[in-house]
Amino acid sequence: MATWITKLDVPASATGPRVAVKDAIDVAGVPTTAGCAALADVAEPAAADAACLAGARAAGARLVGKANLHELCFGTSGANDWYGMPVNPLDPARVPGGSSSGSAVAVATDEADVGLGTDTGGSVRIPAACCGIVGLKTTFGRVPVGGVWPLAPSLDTVGPLARDVAGVVVGMDLLEPGFARVAGTTAAATTVGRVRIGGVESFIDEAIDDALAQAGMDVIEVELDGLADAYPAFVSIIAAEAWASNRELIDRSPERVGEQVRERVLRSAAVGEADVADARAQQAAWSQVVRDVFARVPVLALPTLATLPPEIGVDGVANMLVLPFNLSGNPAIALPVPAHPSSRLPASLQLVGPHDAEALLCATAARVEAAVGLAGA
């Protein structure tokens, strides 16, 4: 049962889509554990739903369970010392990705129509890529995060996962009622800016290029100056905020926080105010670079992951290709595309748009999805 931390009884009156809620998001009457024993030990049933669930409740969505996650949302593999690692349905020897691992696996195994996850440094897009589904990281601040366990409040976002782009539109409509109508009238981009980053396996880059070609996209090669500075800036910011969010748990019950996550949080304490100030300056400069590139192209295209999901036991999943857009606050969608013919696992295409361009991203992703034929696979 590693997919779930708590299964929920569904009222007979609820007839909407089945929704798996990451157990960092409050559901009224259910304790929120964030996948951590130290928090589970003291957690009381939530007095109210997280603000992001208001639309799901109004639509009669069936909240089928609180899904497992990488502990405290602070990891990319999906490992969890207390609740186990959800099984990747594409290959049980590989990680499901994190931190929204259970939400992704619930969708990929048809235990839910929509998964709700959080994405601070790739935590929706990475498990979507690992499990061969679609995941949308929303624009920072677009979806309210009240009632969501914080990792890094200046980076945290909530977003949907589903087996195809249409399901992600449903998920966004639950988070933001009316989104589906807007998405249905939004035209897809026909031009993309292709971003190439070192360290990507050649067959992954080829898969991205092939998918864009099949979709008939006009491709413009673009450079993102300052990309190398985005990573250390992100690390400083997430570390400082993760320490502030979780130090009380570590101080009170260090033995009830998994070793890997505990050590990561403790290392974060070394980040000082000067480090954060430098990181904020780099963040501002990087965000301007990203804004400027959208004056030239409507959407950026690059891989979600540099390679296929690693086997269990490898330390995490590299998030170098996803975290820059958490730092800039931009929305990004990950969707499966065919990889090398000898691979039974898909690659994952990441499309990035300007702030609040989720409808454009969904329309463009749907165009690619229709061309490559992996919808609902």
Side-chain angles (χ1 to χ4, degrees), residues 17 89-90 104 107-110 112-115 124-125 127-138 159-176 178-195 203-220 294 297-305 308 321-322 325 330-341 343-354 356-377:
L90 296 181
V107 164
T109 56
D110 197 27
D113 303 306
V114 171
V124 162
R125 290 161 290 162
C130 289
C131 294
I133 61 172
V134 183
L136 176 63
K137 180 252 179 221
T138 53
L161 302 104
R163 285 181 294 283
D164 53 26
V165 177
V168 161
V169 171
V170 170
M172 270 302 294
D173 202 56
L174 297 178
L175 292 169
E176 183 181 288
F179 178 85
R181 176 183 54 79
V182 174
T185 59
T186 300
T190 58
T191 300
V192 297
R194 179 69 166 91
V195 180
F203 74 92
I204 297 288
D205 264 335
E206 290 168 6
I208 301 307
D209 292 335
D210 288 348
L212 296 175
Q214 289 180 60
M217 295 289 187
D218 293 325
V219 177
I220 297 174
F294 286 122
V297 294
V299 171
L300 298 177
L302 67 161
T304 309
L305 302 180
L308 295 177
L321 305 181
V322 290
F325 306 108
N330 292 80
I333 192 167
L335 69 152
V337 297
H340 190 277
S343 172
R344 57 192 182 85
L345 298 174
S348 180
L349 165 65
Q350 182 180 197
L351 299 173
V352 185
D356 297 312
E358 282 85 345
L360 173 64
L361 290 179
C362 287
T364 308
R367 173 180 173 140
V368 176
E369 183 181 73
V372 303
L374 285 186

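Nothing here was measured: the structure is a model prediction, and the numbers come from that model.
Scanning all heavy atoms of the two residues, the minimum distance from R367 to G216 falls at NH2-O, 3.3 Å. Annotation for P89 and A108: closest pair CG-CB, 3.6 Å, computed over non-hydrogen atoms. Looking at every heavy atom in both residues, P331 comes nearest to A357 through CG-N, 4.0 Å. When every heavy atom of A363 is checked against every heavy atom of A188, the shortest pair comes out as O-CB, 3.4 Å. Taking every heavy atom of both residues into account, V169 and A183 meet most closely at CG1-CB, 4.2 Å. Pairing each heavy atom of L360 with each of A189, the nearest pair is CD1-N, 3.8 Å.
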For this session: Take V337 and I208 through the side-chain contact (heavy atoms from CB on, under 4.5 Å) test and state the conclusion after the steps.
Result: CA-CA 7 Å; V337 297; I208 301 307; 4.2 Å; yes

Exercise. Between T186 and C362, is a side-chain contact (heavy atoms from CB on, under 4.5 Å) present by the stated rule, with each step listed?
Worked result: CA-CA 9 Å; T186 300; C362 287; over 6 Å; no

For this session: May I have the step-by-step check of side-chain contact (heavy atoms from CB on, under 4.5 Å) for V134 and E369, ending in yes or no?
Result: CA-CA 10 Å; V134 183; E369 183 181 73; 4.1 Å; yes

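Judged by distance alone, the side chain of S348 and the main-chain N or O of A334 form no donor-acceptor pair under 3.5 Å. When atom types are taken as modelled, the side chain of Q350 and the backbone of L321 share a donor-acceptor pair closer than 3.5 angstrom.
L90 pairs with exactly one of L345, I133, L308 by the side-chain contact (heavy atoms from CB on, under 4.5 Å) rule, that one being L345.
Applying the side-chain hydrogen bond (donor to acceptor under 3.5 Å, both in side chains) test to pairs two or more places apart or on separate chains, none has a residue in residues 210-220.
Counting heavy atoms from C-beta on, the side chains of P160 and L175 come closer than 4.5 Å. A heavy-atom distance below 4.5 Å is found between the side chains of C130 and L305. Proximity of L174 to P17: side-chain heavy atoms (C-beta onward) are separated by under 4.5 Å at one or more points.
Atom-to-atom distance recorded for R194:CZ and L302:CG is 7.0 Å, nearest 0.5 angstrom. Atom-to-atom distance recorded for D113:CG and R163:CZ is 5.5 Å, nearest 0.5 angstrom. For the atom pair CG (N330) and CG (L300), the distance works out to 8.0 Å, reported to the nearest 0.5 Å. In this structure, CG on L212 lies 11.0 Å from OG1 on T191, to the nearest 0.5 angstrom. To the nearest 0.5 angstrom, R125 atom CZ is 11.5 Å from L351 atom CG. To the nearest 0.5 Å, the span separating CG on D209 from CE on M217 amounts to 13.0 Å.
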